[in-house]
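See structure below.
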2 protein chains.
Amino acid sequence: MRKRATAKEVADAAGVSKWTVIRAFTPGASITEESKRRVLEAAAVLNYTPNLLARSLATNLTHQVAVFVDDFANPQKLPFLETLTERLQAEGLVAVLININNHFDHVHALLNADQRQVDAVILFGTAFRNETLSDRQLGRGMPPMFVLARDSQIDGVPAVVCDAELALRDIVDHLYERGYRRPGFMTGAPALSTALRRRQHFIDFWKGKGVDEIVILSADRYSAEAGAGSVRHYLNDIDPAARVDVLMCENDILALGAMDEIRGNFGLRIPDDIAVVGFDNYELGGASCYGLTTYEQPRIEMVQAVIGMIKGRLEPETVTLPGKLVVRTST
Amino acid sequence: MRKRATAKEVADAAGVSKWTVIRAFTPGASITEESKRRVLEAAAVLNYTPNLLARSLATNLTHQVAVFVDDFANPQKLPFLETLTERLQAEGLVAVLININNHFDHVHALLNADQRQVDAVILFGTAFRNETLSDRQLGRGMPPMFVLARDSQIDGVPAVVCDAELALRDIVDHLYERGYRRPGFMTGAPALSTALRRRQHFIDFWKGKGVDEIVILSADRYSAEAGAGSVRHYLNDIDPAARVDVLMCENDILALGAMDEIRGNFGLRIPDDIAVVGFDNYELGGASCYGLTTYEQPRIEMVQAVIGMIKGRLEPETVTLPGKLVVRTST
DNA sequence: TTGTAAGCGTTATCAA
DNA sequence: TTGATAACGCTTACAA
């Protein structure tokens, strides 16, 4: 068992009380230069650094934020995690990454995060209906929660999202201008899909343009494979004359899988036979072999908004931020 | 400030001492059924759960493992993070994700992780030469460290890696069989590149087959863009007759970028004009528009090995695990 | 400016 | 089985 030096030991070595040692490590504390020097010297010799755990126990602040994630198939999670951890760290916070899966569900995770005394919980791209936790449990005693990159389904839990209405308006406008008139939409996991609101807005904007028939394809997960499977199923059954002329997929990874299937296994051309649109602006979508038209979420602004709420600079309320359309060759 | 119930409060409510409350929450502690029932009842009413922070302070065990990451461009990090968090959680551990960047370097991160009393540190795909930390600091007082998915550069710090020698032997054998004789190798970030040992083994195995001239391309980072830029630079200058007939890239994301450039901007065919090999078996590499031949790291086994060492089941020593060659159409 | 006492919510150990 | 004392390493409030 490794043994760390404590403030008391440094105090003895420096010939002061342990509180003076604490002061030497507290910015702005009242302490003479001389004492501070002696303390820091002794601390250096003993290799002392403050125990943040003990500090957290005393201050009731861990500077830890739990980040819940349940979908690792979407490569777009990675740049988000990068931005999130970087900004958290810049604020003196640290991310505890919690994998929500069959063995460790939201309730488990939330209870655990609470027991670990995290300062806040970010539901990143995930949310849950509160069926197991009582309102009392959720309201009192639980750390403040925030939903990032999807709608919140819990009263009082704010969400930070990309403006889906604006996004889909831009997308549908673009597709309409390009002359497409037989739109299709591919959803991912049903539980997540509605909360993203992409499908509904897609349908509504097309209706606003007088196009009432929107084909819905559904993949069961958000992965390239699921996207490919979904479109294969559709193309196998459909009469080519009745085929959609543009397919919007709920996110890029579905779209990339769909494109591979459309071209590779059915020999159709994109966008001539079917145009494809994604969502997220994942780096590889821009590759020349895809050229996927997509929509970029305002990642940095979204992350900053959540952190602002956590730090108390911003009101904890649902925020909707505008992203931007990225047009490439797939439309 | 939210207020949690404490063991003392539950004790008062249940009419027992706080130690009895603790026992009710300690599996296998000696306590009568009756006491336990009363305690759990009172705990339910007060919504009490043990404070893991206080427990950690008392036991000197946080059940937290810091995971250092410094390259978020490689989508392969995601499945690794998924496996890692899942397995850690299965063992009652939790991952603290630390983003190593210009503002928060290894030394900062290590010092911070140490102060937070994490049980272990995993350097995931990253490592550093110990220039700033004294040996005493590293040896004593620091949490046990492990390097995952690359070589360790610190004495006494074990690494868990995919067997690069075996991997490159398989790859070179495959390429040789296919008839390629003018190999090239693309490295990524220099600091990481040598520690992966892929280039050296690539060169050595070719030499073993009598092929001494190996072209080296270098990308400065591990990203599709960097891969594309590197191969563009090369193809712009080279006489087509002297061109490599196969290009191995240090990882898939470089390879995908390279493939896009080779086909999209230079109009060359893969594998006819240039064959391409990657490393990692990233999902999209298998897409029909790439069909990238690559090598799959034994992700689950690697993660299990690190965790085994952390939990003390395995000797903390460098482990080299075999992966498997995935042949597709790019070769 | 410095030292003291009390407290944060647990666990470890021992006595009853 | 239960209660009590001490300890974990720090912070806060207050007195010297």
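All chains are named by letter (A, B, ...) in the order of the sequence lines, taking the proteins before the strands, and each is independently numbered beginning at 1.
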A/Asp151: what forms a salt bridge (charged side-chain N to carboxylate O under 4.0 Å, His left out) with it, not counting sequence neighbours?
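For A/Asp151, the residues satisfying salt bridge (charged side-chain N to carboxylate O under 4.0 Å, His left out) (neighbours in sequence not counted) are A/Arg197.
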Mind checking salt bridge (charged side-chain N to carboxylate O under 4.0 Å, His left out) for A/Asp105 and listing every partner two or more places apart, or none if nothing turns up?
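Once residues adjacent in sequence are excluded, A/Asp105 has no partner under the salt bridge (charged side-chain N to carboxylate O under 4.0 Å, His left out) criterion.
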Take the protein atom [atom1] of [X] and the nucleotide atom [atom2] of [N], then report the distance between them rounded to whole Å.
{"X": "A/Lys8", "N": "D/dC10", "atom1": "NZ", "atom2": "P", "result": "12 Å"}
{"X": "B/Leu53", "N": "D/dC10", "atom1": "CG", "atom2": "C1'", "result": "11 Å"}
{"X": "B/Arg116", "N": "D/dC10", "atom1": "CZ", "atom2": "P", "result": "15 Å"}
{"X": "A/Asn51", "N": "D/dG9", "atom1": "CG", "atom2": "P", "result": "7 Å"}
{"X": "A/Phe25", "N": "D/dT11", "atom1": "CZ", "atom2": "C1'", "result": "15 Å"}
{"X": "B/Glu33", "N": "D/dT1", "atom1": "CD", "atom2": "P", "result": "10 Å"}

How would you list, by chain and number, every residue that makes a ring pair (Phe, Tyr, Trp, His ring centres under 6.0 Å) with [X], sequence neighbours excluded?
{"X": "B/Tyr222", "value": "none"}
{"X": "B/Phe68", "value": "none"}
{"X": "A/Phe146", "value": "none"}
{"X": "A/Tyr48", "value": "A/Phe25"}

Just to be sure I understand the rule, does A/Leu52 reach a base, reach only the sugar-phosphate, or reach nothing, if contact means heavy atoms closer than 4.0 Å?
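Nothing, no heavy atom under 4.0 Å.
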Sugar-phosphate only, base, or nothing, as touched by A/Ile31 at under 4.0 Å among non-hydrogen atoms:
sugar-phosphate
Does any pair with a residue in residues 24-42 of chain B pass salt bridge (charged side-chain N to carboxylate O under 4.0 Å, His left out), and if so which ones, sequence neighbours excluded?
B/Glu34-B/Arg37, B/Arg37-B/Glu41
Tell me, which pairs form a salt bridge (charged side-chain N to carboxylate O under 4.0 Å, His left out) where one or both residues lie in residues 45-60 of chain A, sequence neighbours left out?
none
Over its full length, what angle do the end axes of the helix from C/dT1-D/dA16 to C/dA16-D/dT1 make, each axis taken from five pairs and the result rounded to 10 degrees?
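So the angle between the two local helix axes works out to 40°.
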Can you tell me if NZ on A/Lys311 sees more than 12 non-hydrogen neighbours from other groups inside 6.0 Å?
yes
Is it true that, when you exclude A/Glu315 itself, more than 12 heavy atoms of the residues, nucleotides or ligands shown sit nearer than 6.0 Å to its CD?
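Check fails, neighbour count at 12 or below.
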Short N-O contact, A/Lys18 and A/Asp12, less than 4.0 angstrom
no
Is any side-chain heavy atom of B/Thr318 closer than 4.5 Å to one of B/Val160?
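Not in contact.
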5' precedence on DNA chain C between A/Ala29 and B/Ala54 (nearest-nucleotide basis):
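Looking at the nearest nucleotide for each, A/Ala29 comes out on the 5' side.
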Using a 4.0 Å cut-off to any heavy atom of chain B, which nucleotides of DNA chain C are the first and last in contact, reading 5' to 3'?
C/dG9 to C/dA12
In residues 34-43 of chain A, which residues come under 4.0 Å of DNA chain C by heavy atom?
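When residues 34-43 of chain A is checked for heavy atoms under 4.0 Å from DNA chain C, the hits, listed by number, are A/Ser35.
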Which of residues 11-20 of chain A have a heavy atom under 4.0 Å from DNA chain D?
A/Lys18, A/Trp19
Check step by step if salt bridge (charged side-chain N to carboxylate O under 4.0 Å, His left out) holds for A/Asp71 and A/Arg221.
CA-CA 9 Å; A/Asp71 172 23; A/Arg221 296 174 305 118; over 6 Å; no
Side-chain donor/acceptor of A/Thr20 to backbone N/O of A/Val16, under 3.5 Å:
no
